[in-house]
Amino acid sequence: MTLLSRVAGALLPLALLVPAPALAQFQASCTIPATAEDAPQYAEPDDPWIYRGTDIPVDTQWLFGELPNGVRYAVRQNGVPPCQMSLRVAIDAGSIHEREEERGFAHLVEHLVFRESVFFGPGEAIPHFQRQGAALGNDTNATTSPTQTVYKLDLPNATRSSMDDAVRLFTGMVTQPALSAQNVATDVPIVLSERRERAGPARRVQEAVTATLFSGQRLASRSPIGTVETLEGATAEAVQAFHQRWYRPENATVVLVGDADVQVLAAMVEKHFADWDVPGEPAPAPDFGDPVAPPGADPDNPVGEVNIVVEPGQTRTLTFAVMRPWVQVIDNLEYNRRNLLMQVAAAVVNRRLENRARAGGSYLAASVGREKVSRTVDGTFVSVTPAGENWETALSDVRGVIADALDEPPSQAEIDQAVALFDVAFVDMVEQSRIQAGSQLADQITQAVDIREAVASPETFLEVFRSISERFTPAQVQEATQALFDGEVIRAIMLTPDPMDANVQELRAALQSPAVALAGARENAEPINFADLPPVGDPALPSLREPLGVLDVERLEFENGVRALLFSRNNEPGRVTVRVRFGAGWRGFEDDEAAYAHLAPMALVNSGVGPLDQNDLDRAAAGSKLGFDFRIEDGAFVFEGLTRQEDLDEQLYLFAKKLQEPGWDPAPFERAKASALLSYESYSRDPNGVLNRDLDWLLRDRDPRFVTPGPDLIGDATAEGFRRTWSRLLSQGPVEVAVFGDINREETIQALSRTFGALDPRMPLAPEVANRPLEFPELGAGPVRLTHEGDTDQAAAVIAWPTAGGSAGLVQSRKLDLLSQVFSNRLMDGLRERAGAAYAPFVTSSWPLDTQSGGLVFALAQIDPALVPAFYDEAETIVADLAENGPTADELSRVVEPIRQRIERASTGHTFWLNQLEGAAFDPNRAIYLQSLYSDYSNATPEEMQALAQRYLVARPGLRISVLPEGAVAGVSAGAGQVTSGR
C-alpha cells in the first residue's frame with residue numbers, strides 16, 4: 001500500500017487509525033422504546049408498498065408506510081452499531097431527468113441542500129453534525145446518479161431528542177433549501193473544481209463509453225457532473241425550477257434505521273414529512289429510450305454502434321455489450337431464480353476466461369457480467385484487456401470461449417464449483433445478517449427503490465438459491481448462458497493508446513465475423529480435499545500460553561519462534577479474521593529489488609502454495625470461506641483472510657504452507673509484468689497518476705526501494721529473480737498469527753499447532769535490515785516540480801513535514817491525527833468553501849509503528865495550476881496560526897467527537913481490536929497503550945495541538961511538491977528549487 005493510497009482512505013476507516021476504550025464501555029443498550037404517543041397513522045404492515053405484486057416473502061423487520069402527500073417510508077430497528085440512526089432521503093430524480101440546459105443541476109442542487117436551508121444558515125449544516133459526531137463524507141453525505149439523488153446521515157449517540165431533531169433538520173434541508181443567487185454563485189465554482197479534478201483521460205473515456213454503449217438513449221449525454229457551460233449559466237431561478245419540478249413528496253422515499261422501536265421511527269418520519277406540499281401536478285419522467293439495432297443488422301449478430309477512443313498512455317481495453325431494453329419486471333421468486341441461473345452461467349464463463357488468461361493467452365484479463373444500468377438497458381458486458389497490440393486475436397479468443405459456452409453445455413463439475421461458491425456467500429450473508437450495519441440496510445432500500453425491485457432477507461436469498469438446486473444442470477445452465485448473450489443490439493468501444501491500432505470499420509468487422517468456438521479453456525473442476533495434501537510439518541503445541549493483559553486476548557509462543565494472538569467473540573457469527581504478519585516489510589528489500597516489490601501483490605499469491613497452483617487454489621476454495629490477501633507495510637509483510645471456524649484449518653494451512661513451501665509458477669509473474677508494462681505510461685497522464693507513481697519515492701528521500709519501476713526495470717525482472725528475492729523474504733523474520741472472531745479457542749490452538757507450530761525455525765533479520773530507517777528529504781531538498789501530460793487546467797500540490805515513528809510514540813501519533821484533521825478542516829474551508837479553488841483538499845498524518853522513523857504530516861490538493869501558490873500560502877498560514885494560537889475549542893470538538901463516536905461504533909467488531917493489537921505478540925507497547933487510547937482523543941486540548949504544530953509543522957519548512965501540466969510557466973512553481981520533469 002502506497003502512502004497516497006493510505007491517504008485516500010485516511011479520513012474514512014478511523015478504526016484503522018484510532019485505538020479503543022475498554023470493551024465493556026459499549027455493551028449497554030440504548031434502544032429507544034415506543035410510548036403511547038408513538039402511533040404512526042400511515043404505517044402499512046399488511047400492505048407494504050415495496051412488495052405489492054410480488055410473491056417474495058415480506059421481511060417483517062421492516063415497517064413500510066405511505067403518507068397522504070405521496071412520501072413513502074421504510075423504517076427498521078437495528079442496534080448495529082449501538083445508539084446510531086441512519087437516515088436516507090431518496091429523490092427519484094437524477095441527471096437523466098435534466099433538460100439540456102440543466103445538465104449538472106441535479107448534482108448542483110445536492111451541494112446547495114447542504115449550503116443553506118430553512119433551519120441552517122450558510123455553511124452551518126456540516127459543522128452542526130460534526131459536533132454531534134457525524135464525520136463529513138463518512139456519516140454526512142449525498143450521491144447523485146443518473147436516476148436518483150440520495151441524502152445520507154449516519155448519526156451516532158442518537159437519543160430520542162437528537163434523532164427527532166436530525167430528521168427535522170434533514171427534512172428542512174431537502175424540502176426547503178435556500179437556492180439563492182449568492183448560494184448558487186458560491187457552489188458553482190466548487191462543483192467546477194470537482195469536475196476539473198475528475199477530468200482527464202478517465203472522464204473522457206467514460207463519456208465516450210457512455211455515449212457509445214447507450215447511443216440514442218438519454219443516458220448517453222447525461223453525466224451527473226454536467227457541463228461547464230450549463231453550470232456557469234446556472235441561475236437561482238433555473239435551479240429553483242429544477243428543485244420545484246422534481247423535489248416533490250411523490251418522488252421521495254425516506255428510510256430511517258435506528259436503535260429504536262419501529263413505531264418511534266415511523267412516527268418521526270410522519271411528523272416531519274407529512275406537511276411537505278408542493279403545488280401543481282408532478283412532472284412525468286422523461287422517456288429514457290431503448291437500445292435499438294441499426295437498420296439492416298444481422299438478427300443473429302446485431303452489431304450496432306462501435307467506437308475507437310485514442311488516449312496516449314492508457315492501457316488498451318475493449319468492451320462489447322449485448323443490450324436488451326430495460327423492462328419494469330414483476331420482482332417475484334421465479335424472476336430471481338432465473339437471475340441466479342444466469343449468475344451461475346456467467347461464473348462458469350468467467351472461470352474459463354480466467355483459465356485461458358492464466359495459461360498465457362492473448363489477453364491479460366477478460367470478464368462477463370450482466371447489469372441493469374440506470375433503468376436504461378439490461379445488458380451483458382464483456383471486457384477484454386489484450387496482452388499486447390494484437391487486439392483482434394484477444395477479441396477472437398474471448399468470443400471463442402463464449403461461443404463454446406453457447407454451443408456446448410458445461411460439465412456438472414464446473415457448475416458445482418460455481419454453485420459451491422455462491423452457496424458459501426449466501427450462507428455468510430445469513431450468518432452476518434444480525435450484525436449488518438443500519439447504514440447498509442438503509443442503502444439497500446434506496447437501491448431497491450432505484451431499480452424498481454423489492455428487498456429480501458438473506459434467509460430468503462439462501463432458500464431461493466437452494467430451492468433450485470435441481471435446475472443447476474448442464475442443459476439449464478447452457479440455456480441461461482444463451483439468454484445472457486441474446487439481445488437487441490451489440491455495441492462496442494475500444495480504448496487504445498495508438499491511433500494506428502484500429503479503426504471503426506475494423507472493429508465492426510471483427511465483431512461481425514463468426515465466432516469460432518474454443519474449448520481449450522475448460523478444466524478439470526473436481527474439488528480438492530485438503531486432507532489429501534501433504535502436512536506443513538510435525539505438529540507442535542505452543543510452549544507458552546498467557547493472557548496478553550487486555551480484554552481476553554491470549555498470547556501464544558511456539559518453539560520455532562512463531563507467536564500468536566487469539567481473541568474469541570461470538571457477536572459476529574461465522575466471521576473470523578486471520579492476519580499473518582511476518583518478515584521485514586519494506587525494510588527487507590535491497591536497492592535493486594523495487595520491481596519485485598511492485599509485482600508481488602499480483603504475482604506472489606497466484607504463484608502457488610505448496611503443491612497447489614492457481615487453479616488448484618480456486619478448486620480448493622470452492623465450498624469454503626477462504627481468503628488470501630497480501631500487502632507490504634513499512635515493517636512487515638501481511639497475509640490476511642476472512643474465514644470461519646469450520647474452514648480455519650484450511651485457511652491457516654494455506655498461509656503456513658506459503659511461508660514453508662511457496663509455489664513458483666512463472667505464469668503469474670509474467671502476467672504481472674505484462675500488466676505493469678501496459679499501465680506504466682498511464683501514470684504521466686494526470687496529476688493523480690504522477691503522485692501515485694512518485695510520491696512515495698520523493699517523500700522517502702528518493703529511496704530506490706520505493707521507486708515505481710518503469711519499463712526498463714520491469715523488462716529486466718525475471719521469474720528466477722522474483723523467486724530468489726521472495727524465497728529470502730518469505731523465510732526470514734518473525735511471524736505473528738492473529739486469529740480474531742467467532743472461534744473455538746482450543747480447536748484454533750490445535751489448528752495453529754498443525755500449521756504454524758509445524759513451521760521450520762525462521763531466519764532472523766540481519767541488524768542492518770531490522771534497523772533500516774525510512775528517511776525524509778533533508779532540509780533544502782525541495783521544492784520539487786513534476787509535470788504531467790494531461791489537461792492544462794489540472795495540477796496537484798503537496799506539502800509535507802516529517803514526524804517520527806515507533807510504538808512508544810502512539811499517544812503522540814493520536815494527537816497528530818487530531819491536529820491533521822483540524823488542519824484539514826481549515827484547508828477545506830479556505831480553499832473550497834471560501835475560494836472554490838479545490839474540491840477535496842485534505843491533510844493526514846502517518847505514523848509507522850514497526851519502525852522508529854518515517855512518520856509524516858502532509859496536505860494535498862488537486863487544483864488549478866494558477867492556484868498552486870494559493871494552496872501553499874493557505875497551508876503555511878494555517879500552520880503558522882496553529883503554532884501561534886492553536887485551534888479553538890469548537891474546532892477541536894468538531895474532530896474529536898466524530899472520532900470518539902467512530903471508536904465506539906467500530907469497537908463492536910473484532911477487526912477493530914485486531915487493528916489496534918496487531919504486532920502485540922512481539923511489541924508490548926501495543927497492549928500497554930491500548931488502555932488509554934480513548935482518553936488520548938477525548939481529552940485532547942487545544943494547547944496540545946498548538947505544541948505539536950510548533951514541534952513538527954513550523955520547526956522546519958514543509959517540503960513542497962507540485963505536479964503541473966507540461967509547459968506550465970515557472971511562476972506557478974513554489975519558489976526556486978529543483979525541477980523534475982517526471983522520471
Side-chain angles (χ1 to χ4, degrees), residues 49-50 52-53 70 72 90-110 143-150 203 206-227 230 241-248 250-253 281-295 297 302 304-307 319-331 335 339 369-381 445-454 483-484 486-493:
W49 49 265
I50 205 168
R52 289 173 188 158
R72 298 176 300 176
I91 303 299
D92 195 40
S95 60
I96 210 166
H97 296 78
E98 298 163 349
R99 296 169 179 164
E100 189 66 26
E101 69 275 12
E102 295 175 331
R103 291 175 60 184
F105 278 24
H107 178 235
L108 176 59
V109 168
E110 174 207 310
T143 59
T144 303
S145 76
T147 53
Q148 189 184 58
T149 306
V150 183
R203 194 183 72 203
Q206 182 57 53
E207 289 177 348
V209 168
T210 302
T212 302
L213 297 186
F214 307 105
S215 178
Q217 297 176 270
R218 200 173 179 89
L219 182 60
S221 60
R222 287 297 187 275
S223 169
I225 200 62
T227 70
T230 53
F242 181 88
H243 185 273
Q244 176 91 2
R245 191 164 72 249
W246 298 114
Y247 279 64
R248 303 178 55 91
E250 303 93 338
N251 291 334
T253 302
E281 292 297 316
D287 184 356
F288 292 4
D290 290 325
V292 178
E305 292 78 7
V306 299
N307 194 10
T319 298
F320 69 92
V322 181
M323 299 298 208
R324 298 169 289 272
W326 182 88
V327 177
Q328 175 65 65
V329 300
I330 298 175
D331 186 16
Y335 167 74
N339 281 346
R370 180 190 176 207
E371 186 178 356
K372 292 188 172 184
V373 183
S374 299
R375 304 203 298 269
T376 296
V377 300
D378 174 358
T380 301
F381 298 84
I445 295 291
T446 61
Q447 291 162 8
V449 169
D450 191 29
I451 64 176
R452 304 297 198 254
E453 295 184 8
L484 276 174
D486 183 27
E488 303 296 321
V489 61
I490 297 171
R491 293 169 174 157
I493 187 166

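Values below: all heavy atoms of this structure, side chains included; hydrogens, waters and symmetry mates excluded.
- A distance of 14.5 Å separates CG in Leu108 from CZ in Arg103, rounded to the nearest 0.5 Å.
- A distance below 6.0 Å separates the ring centres of His97 and Phe288.
- Under the 4.5 Å side-chain criterion, counting only non-hydrogen atoms from C-beta, Pro224 is in contact with Pro146.
- A heavy-atom distance below 4.5 Å is not found between the side chains of Met323 and Glu488.
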Using the side chain to side chain donor-acceptor pair (under 3.5 Å) rule, take Thr227 and Thr230 through it: C-alpha gap first, then chi angles, then the decisive distance, then the call. CA-CA 5 Å; Thr227 70; Thr230 53; 2.7 Å; yes
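- If you take CG on Asn307 and OG on Ser215, they are separated by 9.5 Å, rounding to the nearest 0.5 Å.
- Contact of the Arg99 side chain with the Phe242 side chain is not registered, since no non-hydrogen atoms from C-beta on lie closer than 4.5 Å.
- Ring geometry, Phe381 versus Phe214: the interplanar angle falls from 30° to 60°, so the pair is classed tilted.
- Each of Asp92, Thr147, Val329, Asp331 was checked for a side-chain contact (heavy atoms from CB on, under 4.5 Å) with Arg452, and the lone residue meeting it is Asp92.
- Between Arg245 and Glu102 there is a salt bridge, since at least one side-chain N of the basic residue sits less than 4.0 Å from a carboxylate O of the acidic one.
- Looking at heavy atoms from C-beta onward, Ile225 lies in side-chain contact with His107 at the 4.5 angstrom threshold.
- Nearest heavy-atom pair across Ile50 and Ala448 is CD1-CB, 4.1 Å.
- In this structure, OG1 in Thr253 is found 9.5 Å from CD1 in Ile445, a value given to the nearest 0.5 Å.
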Run Tyr247 and Val109 through side chain to side chain contact (heavy atoms under 4.5 Å, CB included) and show every step you take. CA-CA 10 Å; Tyr247 279 64; Val109 168; 3.6 Å; yes
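- Between the side chain of Glu305 and the main chain of Leu213, no donor-acceptor pair closer than 3.5 Å is present.
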Test side chain to side chain contact (heavy atoms under 4.5 Å, CB included) on Arg491 and Phe320 and set out the steps. CA-CA 6 Å; Arg491 293 169 174 157; Phe320 69 92; over 6 Å; no
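- The minimum heavy-atom distance between Val322 and Ile490, with the atom names listed, is CG2-CG1, 4.2 Å.
- For the residue pair Ile96 and Ser374, the shortest heavy atom distance occurs at CD1-O, 4.4 Å.
- Between the side chain of Asn251 and the backbone N or O of Trp246, at least one donor-acceptor pair lies under 3.5 Å.
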Residue pair Glu100, Arg222: steps toward the side chain to side chain contact (heavy atoms under 4.5 Å, CB included) verdict: CA-CA 9 Å; Glu100 189 66 26; Arg222 287 297 187 275; 3.4 Å; yes
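- Nearest heavy atoms, Thr446 versus Val150: CG2-CG1, 4.3 Å.
- Looking at every heavy atom in both residues, Ala106 comes nearest to Gly94 through CB-C, 3.7 Å.
- When atom types are taken as modelled, the side chain of Arg375 and the backbone of Asp450 share a donor-acceptor pair closer than 3.5 angstrom.
- Side-chain N or O atoms of Arg324 include none that pairs as donor or acceptor with a backbone N or O of Val489 at under 3.5 Å.
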Is there a side chain to side chain donor-acceptor pair (under 3.5 Å) between Glu110 and Thr149 once you walk through the steps? CA-CA 7 Å; Glu110 174 207 310; Thr149 306; over 6 Å; no
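- Side chains of Asp378 and Arg370 form a contact here, defined as non-hydrogen atoms less than 4.5 Å apart.
- For the pair Val449/Trp49, a side-chain contact is recorded, criterion being any heavy-atom separation below 4.5 Å from C-beta on.
- Judged by distance alone, with hydrogens and angles left aside, the side-chain atoms of Glu371 form no donor-acceptor pair with the main-chain N or O of Thr380 at under 3.5 Å.
- Taking 4.5 Å as the limit, some side-chain heavy atom of Pro291 sits within range of a side-chain heavy atom of Gln217.
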Decide side chain to side chain contact (heavy atoms under 4.5 Å, CB included) for Thr376 and Arg218; before the verdict, give the C-alpha distance in whole Å, the side-chain angles of both, and the deciding distance to 0.1 Å. CA-CA 8 Å; Thr376 296; Arg218 200 173 179 89; over 6 Å; no
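- Salt bridge absent: Arg248 and Glu281 never bring a charged side-chain N and a carboxylate O closer than 4.0 Å.
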